[in-house]
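Below, chains carry the letters A, B, ... as their sequence lines are ordered, and counting in each starts from 1.
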Number of protein chains: 2
Amino acid sequence: MDNCFGDSMKNIGDIIRVAEQHCESRGTRLTKKRKHVLTALIESAKALSAYDLIDVCREKYGEDIPAMSVYRILEFLESENLVHKLSTASKYASCENIIGDKARCYSQFLICKSCSKVKEVGLKPTMIAELQATVKDASFKLVNPQLEMNCLCDDCA
Amino acid sequence: MDNCFGDSMKNIGDIIRVAEQHCESRGTRLTKKRKHVLTALIESAKALSAYDLIDVCREKYGEDIPAMSVYRILEFLESENLVHKLSTASKYASCENIIGDKARCYSQFLICKSCSKVKEVGLKPTMIAELQATVKDASFKLVNPQLEMNCLCDDCA
DNA sequence: TGCCTCAATGTTACATTATAACATCAAAAG
DNA sequence: CTTTTGATGTTATAATGTAACATTGAGGCA
């Protein structure tokens, strides 16, 4: 079982519903546009840029969201742990385990540098511990334990 | 002993000389401007953006290098393994072990997101192996095994 | 020396990613 | 039904990066 939803949680409608409840329980709202951006990311196997998302929303929902709004929406979705920013690619991907047990918020992202296909894999506790030890030894504090790995997917390799 | 030069290799002049020989042996040239950009990065404890480097070169060498050239120079220095691009920060840092034994080219970069202070730490072989196994299991190929960790340094924390 | 060649750099223009500042709109709460 | 606050729109611009073509300069060689 690869996510926190179990086998019953397969389709996007279900995921969106969970995301909606998640927001509600935190006193925030998953508005229509936020839902559209999130859906676009969930439906995409590839990480998308903010400007990609503008295009998708126009094509799919006939909705013209200005760049500024998309960035704000992404920022919101990130703060709700529904979306990850992949800084190395300047793109965004939906979280694989939307309502996320916190133990899994340490992730490793494999990003195809050719086609942007992305896979999120949980980090093992031993890895996390080791990474944190290194950080501590170097007198730094870890802010965001997200690892991004520059890869090629099998199709592109 | 923290680098491949031993204790005798402490100052910038020595490092630059090694870098120069390294290029020469590879049939490339460490020109004056390339040397200036590399020196600026070596002397900086913080990662610098391309535009930061333009400023440093102007201030320090009275030399006006256009952005395009700085990017090309950085690309060259990267290809010679003298400099790393830190994609998460859109900044650049000199390699800590310039002529680098290849075993150390798998590095972990701790980057202070507030002041850009950066520390490069070698990854342990067990870590490398584990990261690579994950990548392979997910049907990806690792292109660049550089880990960037979003941190705060002790001063900024 | 003077020419040739190719690497390095310059120039111009523009693409992409992102944010600041202020205006407007809309939903929930009194 | 107004008030308040969160969400979105608008405009302008900053920051990062690249494409395409022109020019310069360093070494090799007649």
Side-chain angles (χ1 to χ4, degrees), chain A residues 19-20 23-38 41 46-58 61-80 82-93 111 113-114 116 148 150, chain B residues 19-20 23-38 41 46-58 61-80 82-93 111 113-114 116 148 150:
Chain A
E20 220 160 1
C23 288
E24 216 165 299
S25 78
R26 292 178 31 102
T28 62
R29 281 180 311 144
L30 193 64
T31 62
K32 192 176 83 174
K33 303 204 168 181
R34 287 172 175 173
K35 219 177 287 186
H36 288 167
V37 169
L38 179 57
L41 286 173
K46 305 183 176 188
L48 301 174
S49 75
Y51 288 87
D52 291 339
L53 283 164
I54 291 174
D55 295 341
V56 172
C57 284
R58 182 170 31 241
Y61 304 107
E63 196 174 50
D64 242 309
I65 314 184
M68 191 63 250
S69 292
V70 169
Y71 278 105
R72 278 188 293 226
I73 287 169
L74 287 168
E75 186 183 25
F76 168 82
L77 294 172
E78 253 200 293
S79 75
E80 295 294 333
L82 299 169
V83 156
H84 299 287
K85 167 162 192 179
L86 304 176
S87 307
T88 55
S90 295
K91 291 183 193 301
Y92 303 81
I111 308 163
K113 73 168 186 172
S114 166
S116 295
E148 300 176 32
N150 195 221
Chain B
E20 220 161 1
C23 288
E24 214 165 298
S25 78
R26 292 175 33 102
T28 62
R29 281 179 311 145
L30 193 65
T31 63
K32 194 175 84 175
K33 303 203 168 185
R34 288 170 174 175
K35 217 176 288 184
H36 287 167
V37 169
L38 179 57
L41 285 174
K46 305 181 176 188
L48 300 175
S49 74
Y51 289 85
D52 291 340
L53 283 163
I54 291 174
D55 294 341
V56 171
C57 286
R58 182 170 33 241
Y61 304 107
E63 196 174 48
D64 243 307
I65 314 184
M68 190 65 249
S69 293
V70 170
Y71 279 106
R72 277 188 294 227
I73 287 170
L74 288 168
E75 186 182 26
F76 168 81
L77 295 172
E78 253 200 292
S79 75
E80 296 294 334
L82 300 169
V83 156
H84 299 286
K85 168 161 192 179
L86 304 176
S87 307
T88 56
S90 295
K91 292 183 193 301
Y92 303 81
I111 309 162
K113 72 167 188 172
S114 164
S116 296
E148 301 176 32
N150 192 222

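- Within 6.0 Å of atom CD in E63(B), more than 12 heavy atoms from other residues, nucleotides or ligands are found, so the atom counts as buried in its surroundings.
- Nearest to the side-chain atoms of K33(B) among the listed nucleotides dT17(C), dT8(D), dG10(C) stands dG10(C).
- In this structure, K85(A) atom NZ and dT17(C) atom C1' are separated by 8 Å, rounded to whole Å.
- Of the listed nucleotides (dA18(C), dT8(D), dA7(C)), dA7(C) has the atom at the smallest distance from the side chain of R29(B).
- In this structure, T31(B) reaches the dT9(C) phosphate: one of its side-chain N or O atoms is under 4.0 Å from OP1 or OP2.
- A straight line from CG of L74(A) to P of dA7(D) spans 15 Å, rounded to a whole angstrom.
- In this structure, K46(B) places its NZ atom where only 12 or fewer heavy-atom neighbours from other residues, nucleotides or ligands lie under 6.0 Å away.
- Rounded to whole angstrom, the span from the CG atom of L48(A) across to the P atom of dT16(C) amounts to 15 Å.
- An OP1 or OP2 oxygen of dG10(C) is reached within less than 4.0 angstrom by a side-chain nitrogen or oxygen of S69(B).
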### Query
Is there a side-chain hydrogen bond (donor to acceptor under 3.5 Å, both in side chains) between T88(B) and E148(A) once you walk through the steps?
CA-CA 9 Å; T88(B) 56; E148(A) 300 176 32; over 6 Å; no

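- V37(A) places none of its side-chain heavy atoms less than 4.5 Å from the side chain of V83(A).
- Within the 4.0 Å cut-off from OP1 or OP2 of dA18(C), at least one side-chain nitrogen or oxygen of Y71(A) is found.
- Taking atom CG of L53(A) as the reference point, atom P of dA18(C) lies 11 Å away to the nearest angstrom.
- Summarising the geometry, the separation between NZ on K35(B) and C1' on dA8(C) is reported as 15 Å, rounded to the nearest angstrom.
- Taking side-chain N and O atoms only, S49(B) has a distance below 4.0 Å to OP1 or OP2 of dT16(D).
- A sub-4.0 Å separation between OP1 or OP2 of dT8(D) and a side-chain N or O of R34(A) is present.
- Listed pair Y92(A) / dA18(C) meets the phosphate criterion, a side-chain N or O lying under 4.0 Å from OP1 or OP2.
- Following rounding to the nearest Å, R72(A) (CZ) and dA7(D) (P) show an atom-to-atom distance of 11 Å.
- Atom CG in D52(B) sits about 14 Å away from atom C1' in dA14(D), given to the nearest Å.
- K32(B) comes within 4.0 angstrom of no nucleic acid atom, judged by non-hydrogen atoms across all strands.
- Distance from the side chain of M68(A) is smallest to dT19(C) among dT8(D), dT19(C), dT17(C).
- Rounded to whole Å, the distance from CD1 on I54(B) to C1' on dG17(D) is 11 Å.
- The neighbour count for E78(B) CD, taken as heavy atoms of other residues, nucleotides or ligands under 6.0 Å away, is above 12.
- At a cut-off of 3.5 angstrom, counting only N and O atoms as typed in the model, there is no donor on one side facing an acceptor on the other between the side-chain of Y51(A) and the base of dA15(C).
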